[in-house]
Structures are given as structure tokens and as C-alpha cells.
Amino acid sequence: MTNFDYYKPDNKSEAYNLYMDLKNHVHYYAGGTELVTTIRKGKMKVDALIDLKGIEGIKDLKKGELGACVSLNDLEVVQCQMLSDVAFKIADHTVRNAITLGGNVCGRLPYKEMILPLLAMNTEVEIVTAEGLVRSPVESIFDKRFLLKPGEFVYKFYYEQKELKFFYERVVESTTVDYPVMTLLAVKRASDYFVGFSGLSAVPVYETFEALDFDQLTDYFSKFVKGNMRSCDEYRIHLMKDVFRKALEVFND
Amino acid sequence: MKVVGTSILRKESYDKVTGQIEYTNDQSSPQMLHAALKTSPHAYGKIVSIDCSEAEKVKGVRKILTGADIEGNIGLYLCDKPPIAKDYVRHYGETVAAVVADQYEQAVKAAALIKVECEILKPILSPLEALEEGAEVLHKNMANYSHIPPIHPEPNSNVANRTKIRKGDVKEALEKAKEVVDVMVEIPPGDHVAMEPRVSICEIKQSGDVVITSATQAPFVVKGLMSIFFGIEPGKIVVKSPLLGGGFGGKAGIQLEGLAYLLSKSVGGRKVKLRNTRENDLVTSPGHIGLQAKVKLAIDHNNKFTAMDMDYYFNSGAYADYAVNVSRAAAISCTGPYYVPNVRCDTLCVYTNMPFATAYRGFGHIEMAFAIERAIDIMAKKINMDPFQLRVINGVRSGDTTPVQSVLNKSTGDIRTCFEEVNNMLSGNIKDVVKIDDRTVRAKGISGLWKAPAMPTNTDAGAVITFNTDGSVNIHTGIVEIGQGTQTGLVQIASELLSIPKEKVHIEKTVNTRISPSDWATAASRGLMMAGNAVYEACMDAIAQMKSVVSTVLRVPECDLILENERIVINDEPEKGLSIAEVALGYVYPNGNAIYGQIIGKGKYIAKHLTDIDPETGNGHPDLEWTLGAEGVEVELDLITGKYKILKAVCCMDVGKVINPQMARGQIVGGMSMGIGYTTMEGFKFNTRGQVLNDDLRDYKIMRIDDMPNYEVKFLETPQMDGPFGARGLGEQSVIGMPGAISNALSRAIDKEVNKIPMTSEKLWRLMEGLDD
């Protein structure tokens, strides 16, 4: 649709330096499902794309360690139920062959559903920065979105391998292959509960609680509810309460 | 040889699945120029200025057209649409400028740089709003629009067509009725979402030939209208239609062809390709019609329907296109497949500032049936009667009169048995709501359906068959292959009649209006019946010619000759005869003398006895052949969230002779799934400014495979006495009953009347909570 320069560097610093050296509209490119469609519709200006998928290590995949450019379907390999449950409801199988884990949580779309299990599992993230790789808890640099400086990009995730009891539900407007009206992930951890939503609000929202209390949960999350063309505020609140009840049933068992 | 009635593979299957089909957009040449459109972000506005200066500087740009460059309107039945918006934009997505450039990317880039200044006006966003006293008149010049005689526009209003049906005495019947129910239903405009977006390529040759290749269901309509609107001699217009990636009515009539011609003309006749993006296809080109309708149904003490009193306000959007005839077709069949002695119906085709509407599978019947089937279920509930029984006792049969008072003939299908089959497939007890657990219930719903083609009274079809040296045959018709499989059905008819194996019956897949015999359009579910009859006649013509040759050579009377395994043989001495190969291209005697020459079979068909309808009463005979059927669903619904799943969808249709059972089933199931999507999730969403919020496939959701219920399909085969082998149309029909069946099941499940499409879980929840009615 529009002409742009395409780069596929094979190491981290080359990618970073390219980004910093290139002028005008430069973007990192991972799976491309969002970029290609956005560019085609003329909603995004692009002079250069830097494809991250050629970078050494960025597609590494083993238990506890996830390269940012593994596809959502690839996640099956690590056999982590929580990751799989969330990942395999995003888009459809063909599209999941392209969508990357990093792209899902760093893209422009507000849903970023994969951030929920990553946060819940105390994941640490490695970021490529001017000073090289910097590793820190996801929680410390994710607030509505990843807080990255220009040129920085996500390289790898390291999640804690623990068997955690969790409740997951994804509600859509009608057909299953759609953005979520809400995705709830509630997780019982050693000393607290993680409760997070995607879709309920304009950005992912989450909090930890010492115990799960219906009124407290409702009270806390209601303030974030934001309707859109898929459903209105009141119905979302109604659905939210319903998923809370279901979650409480699971944890109270 | 039994070929008719067997499930042979589609002739184009292997080419299709291996990617060898060349669709219109696959055609490309170095000389070809490319077009892109600048469209309106506003639903209604007065165009103040259009600045193309920046766009013109883009490399490769050859020409930019705006409404000011083009004289006159085009329009299928009512000539109301400037090819590019002029003075006003009347819907979101309307074309305001078109760019022609060497490369498509250049055209797109330039289109984005065109600056349009608009004075934004308040849009009209429903038919009832458009009909209010003092409503803005969207087409102020309507009195000067030309139109075909069967439609009746009302200038100085927003009514593009009004069709009236007056049968019996409705007032008296309502007064004497045992019970009367009212219902109001609503359907938003939406889109067909054919897999292949619309595309047209046009070139004007030095000879004056205008050559168009287009994704069109109606190459002959395009040819005819191009001649009328642009003053081109019909013989100079060549329209080619390759295989289509779906049509569903959206590629009938005239679509991009007119603008493609104007663009080609603007660059000296060079070949220009105009193709829709998916977004253009959704909102710039027409989609399906919307509706608001009020229906009153009366019954007597025998639970017989005595009267229907109806007002259908069809939402045509900004332009009339096919919508005027959709509203007319709905009037002609306005009672659904039930005998009703007293009928008053006004169907109006109303302009609004929404994307405009063209033909869509079902053509007015899906909308009409939704209202009728809702009314019947509300009545059944009121009198506490099984909805199945109420339908059975009121179903039409031959000898009954339709709303236009034409008499249903002996070919009329058996709708009562259709209802019984559907009831059985759903295990009866349609009235019962079954509790599965604390929050889950199951419920069933059924509906009837009928449809006759809505088409010109002189609708025709033709077929020519020629032969090859091996005795194999080539069929030429004007039927476009849009995925429906008619071409394969025609092959089966010829194979059976000529006793030639199906592998040796070939059909030309691209329709070319200069070569192919005339054919109105591949629409209205008429292809198999009408072109089938033409192929039938062409085969009989060829057989008669071959018998004549064989009679001469073998010195036997023609009446003693029969066809058998690709040979014409003497009936009581079948070892004596000639092969089709020996006579197909002229018989050659052993000494070299040749006689007769090649066999060319010709066949034709024209609709019989059709008339227009009376403008005041609707009386007439516009309905060629009715296909009747019944459908039903079982749903499982969550009473807390309103979420539901359609578990089972069933259909029994009386289609006459089934030519190809698997393809017929595929066609029925396809229509049912389209109807489920239409009912449960589709339709445009608008903001208060009339902008379409879901104008791409990220947000305009259609059925996915995991939304599919289990399908069960049965056929009845009451012969269509004037159809080929007794077959009648079945292409569109199965979409028609789905809104009724689903809404009836959902209404029972939540014990509220569900009268609005799409039936989202949120809407059901709001009904259950009493937030909406």
C-alpha cells in the first residue's frame, strides 16, 4: 500500500542502533497482523520497518523462558495451562501463527491479553536498551502499556514455573473470533490473588487482593468499566459480576 | 445413464482448490491503469469544495474525477445516483473523488491527499424518521429521475417506491376476528461480505468497443444499462464475467462498471481497473437493506388466518439501487407461505443517510418473513396453541390465491409436510422450554418460508451446445458461476439427456455477452430452472438433428432411433447405429462424401404469463414459481448473560427434482448459516452522526465455523411441472426462515418478544431485565 524500507537485523544492538539512526516513522515489526492492516488503511505512517524476528534468541522457547517473537501458537510447547488458555482464544489459529507474544503485549490495540498471565506469574522481562539488556519485573514497567524509551524493545520473558490455581473466562459479543468484551484471569498465588481484566476497560486493569470478596472486587473494577460498540457499560458490569461469581465458586471449592 | 439426481463434483472444483481460477482482480497487464476512491467520512453533507492540487502532484497520477466532472445519474430502476457524489454526500463511505494512476499504490496515495470540505448536515438514520412530517428531503430532484414503470416514487418525500396490496376486506376481518396481534420488527442495514470484493476492468477500444471484465452476476444487465446511461450501441459493449467469489445479490444490477467506464474514458480509453478494498465493499458499494415493519395478524374461531394488515418501511439508505424492487418483492409475497383472504400491505422503500442497499439473498423475503413469523408465534402464544399446528393449518396449497391474487398452480410445493418434517427433526414439543440447570434453558423455534423470483416479465435464458470430434459437448449459457453450482447442474441435465458421460460435457465458465446467449441475470434463484430449461431444449434440438443424420445414413425412420451410451441406435437392433462422435461434426461416408455439417443445439426459455401488478391493488401475476419450505432451530441460552448457542438448525424444502443432492444440501446449509449470522451478529453499527463504526472485518463480524450448529436438511420433490426434470429454484430460500425461527426460539427461552436484529446477548439481557421492550 505504501512504500517503506524493510530491515531484518540479526542481533539486538544492530536493531536498536538502526532504530535510533533511522529518521521519520520507524517501527519495530514482529508478527505484523496489526501493522499490516493498520498501514493498509492509511492509519499509520511508516518509512521503515525493522523486523525483530531475525534476532538471535528472540524466538527461544522453553519452560520458564519465552522469546518475544514466539508465536502464540508456539506457546503450546511449554505446556503452561495458563498461557495456553489465554493465548489460544486470541484471534484464530491461522492468525495466531503470526501474532507474537511480544507483539500482543506491545502493540497499539488496547487488549494485550497475554499481559494477564505474564503479570500473574511474576514474570520478568528483558528489554533491549541503550545500556544493553536490562531485566526487571514486568509489573515494574507495565502500566497500561510497556513503558519503553524510543528504540527499546522487549527481548525475552522469564516466568515463574509454579502450578497455580486459576480461573479464566473470555466473553465476546457474539462470534468467538473477536476482541474480548472482557477477559478475566484470576489466580491464587502463595500469599495473594491476582485479578486482571482485558477488554473491560480501555486498557488492561489488574490488582492483587489478600482475599477474594465479591463486593470488594465489584467495587474496585467497576470504576474502570468502559463500554464500546461491542457492549455498553451496564451490561459489562453485569457480566463482570457474573464472572466474579464463577471465579469465587472455583476458588471456594 | 443416471446423472440427474446424483452428487457429482463441481466442474470447477479442482481448478478452484488449486488456485487456478482467474478471478477478475487476478487479471493484470502492464498497460493497465489503476483507480482508487476518496470516500466521505460524513453521512450527510453539502460539498463546499474539493481540492485535488496536492493529489495531482503524486507521481503516476493520470486523472482525478469528482462529481463536477460527470453529467447525469445512473441507477438500476430509479436513476438517482451520481457515479461520484455531486453537491451532496448522502452516506458514510460515499465516493467523492476517484483517482487513476499508473500504479494502484500511487492512486491510493493521491486519494488520501484530496481535501474535501463539507458542510455537515443532520443525517436521517431510520425510515420512520425519514417519513416524519417535515423531514429533510434527501433527493430534492426526485421528480426528474427516470425510472421503470413498475416502481412508484413519491417526489418531495423520501419514498423511493410504494407498493400496495389490497385483497379482500381487512377492516371487516379485523372486526370479526377472534384474536388480533401486533408486532413491530427492526433490521439494520448490513453487508453481504462476499469473499471476493467487487472489481471491474474497463477499456474503450479505438473500434468503439467497450470491453468490461467484471465480478458481476448480471453481465447482460450491465450491458443494457451501460447502453442506456452512456448512449453506447449495445453491440459495442462486451461484458465478461469470470467465476465469482460469491455474490449473494451484491453483484447483481450494475455496480462498479459505470464508474470504471467513466474513468477509462477520462484517460483516453485506456484499460482501468477499479477494485474495492474490503472497506469500500462494505460501505461504499451497496449492502443489504434495513427494515422497520408493523404487522397485524387476525384469526377466526377455527384459528385460520383471516387478515394481515401491514406496513413495511424498508431502509434503502442513500440510493434506491435494487431496494425499490426489494420492497416491491416483499409486497408480492407479504403474507409468507400462508393463505390469508384479506390483506392490506404497503411496502415503502425509504431513503435515509445510511449506506445504500441492493439485492441480498432472499430479496425482501427474509425481512418480510421475520415480521410474519414473529406475529404468528405471538398469536400462537396468545391462543396457547402449538406454533407448529398453527402454521400447518394455515399453510398455502395449490388453488389458494397469493397476496396479489394469482392462483397457486399444481406445481405448488407441499408446505404442510415441510412443517411436519421440521417438527419431527426437532422432536416436536416446539412450545416447551426445557430447563437444563439453574441458569440454562433450551428452546425451539420454527418458521415457514416461500419465495418466487422477482424479475422482469420477459426474463429469459438461452443455451447453445456444440460438439467436439470425440462426441463430447460444450455448453454455452449466460449463467455466471458464483459458487452456487448451477453450471454443474446444467452439465448434469445435458449429460443425462444426451447420454454422454459427465466428464465429456464441458461448460464455458466465463460469460461473455458477445458470445453467450442472452440471459437476464444470475439472480433470483432462477438459474437452474430457466437456463436448465434452455439447456434441455438445446439438447433435444441436437438430438433431433443427430437422429435426422442417422436416419439418412441407416435408412430408418427417425422415430425408431434412440440414444444409448453415446450412440444413436435402432431401438430393436441396438447393435446397429452410429456414435455421436461420427455425426457430431458432419457424417463422412466411407468414400469421403460428407453430409449435414456440425450439430449446433439451441435452446431458449422465457418466463411465461408474467404481468406487472396493479398500482392500487397489487393484483397481477408477477410470480413465476414458488419454492416453499420450513425451518427450525433449537437454542441453548444462559438466562444470566443472555449468551446462547444454536445447537441445531433444520430445514425441509420442496424443491422439485433434486438435480445434485450434495450441492443442493450445501446451498441450503450455506443459506441457513448466512441467516444465522444475519440474525445473531451482523448489521452496521452507527454513531449518532451516522458514521459506520464497524466498516471493516475486525469489527463487522460474520459466522465462523465454530458458531455452526448441527444442520439437518430434507427435501420434498413435488415436481415443478415446467422445470427441467421437475426442478425449481433453491438458491436463496434457506436464508429466509432463519430470523423467524431463531427469534421465536429466543423469545420462548427468555419469555420476552425478541423483535430486533441482530439478537445479541446484550439485547436479550436488556429484554430480560426490562430495560428495553
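By convention in this document, chain letters (A, B, ...) are assigned in the order of the sequence lines, proteins followed by strands, and residues within each chain are numbered from 1.
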Measure distances from A/Asp178 to the heavy atoms of chain B and classify the residue's part below 4.5 Å as side chain, backbone, both or neither.
-> both
Candidate pair B/Glu279 and A/Arg40, rule salt bridge (charged side-chain N to carboxylate O under 4.0 Å, His left out), full reasoning = CA-CA 11 Å; B/Glu279 293 75 21; A/Arg40 185 181 67 75; 2.8 Å; yes
So do the side chains of [X] and [Y] get within less than 4.5 Å of each other, counting heavy atoms only?
| X | Y | value |
| --- | --- | --- |
| B/Thr277 | A/Lys41 | no |
| B/Arg698 | A/Leu109 | yes |
| B/Ile640 | A/His238 | yes |
| B/Arg439 | A/Asp242 | yes |

NZ (B/Lys763) with more than 12 external heavy atoms under 6.0 Å | yes
To the nearest 0.5 angstrom, please state how far the [atom1] atom of [X] sits from the [atom2] atom of [Y].
| X | Y | atom1 | atom2 | answer |
| --- | --- | --- | --- | --- |
| B/Lys109 | A/Asn3 | NZ | CG | 7.5 Å |
| B/Arg766 | A/Ser231 | CZ | OG | 10.5 Å |
| A/Cys232 | B/Leu771 | SG | CG | 8.5 Å |

Please list all pairs passing the ring pair (Phe, Tyr, Trp, His ring centres under 6.0 Å) test where one or both residues lie in residues 27-53 of chain A, with sequence neighbours left out.
-> A/Tyr19-A/Tyr28, A/Tyr28-A/Phe153
Spell out the residues in residues 701-708 of chain B that have some non-hydrogen atom less than 4.5 Å away from a non-hydrogen atom of chain A, in order of number; otherwise answer 'none'.
-> B/Lys701, B/Ile702, B/Arg704, B/Asp706, B/Asp707
Residue B/Asp699 versus chain A: region with a heavy atom under 4.5 Å | both
Could you tell me which residues in residues 222-230 of chain A have at least one non-hydrogen atom under 4.5 Å from a non-hydrogen atom of chain B, sorted by residue number?
-> A/Met229, A/Arg230
Could I get the full list of side-chain contact (heavy atoms from CB on, under 4.5 Å) partners for A/Cys106, not counting sequence neighbours?
-> A/Phe146, A/Val154
No-hydrogen, no-angle side-chain donor-acceptor test under 3.5 Å, A/Tyr235 and B/Ser761 = yes
When you look at B/Lys685 and A/Glu173, which way does the salt bridge (charged side-chain N to carboxylate O under 4.0 Å, His left out) test go after all the steps?
-> CA-CA 13 Å; B/Lys685 297 173 179 176; A/Glu173 185 193 12; 3.0 Å; yes
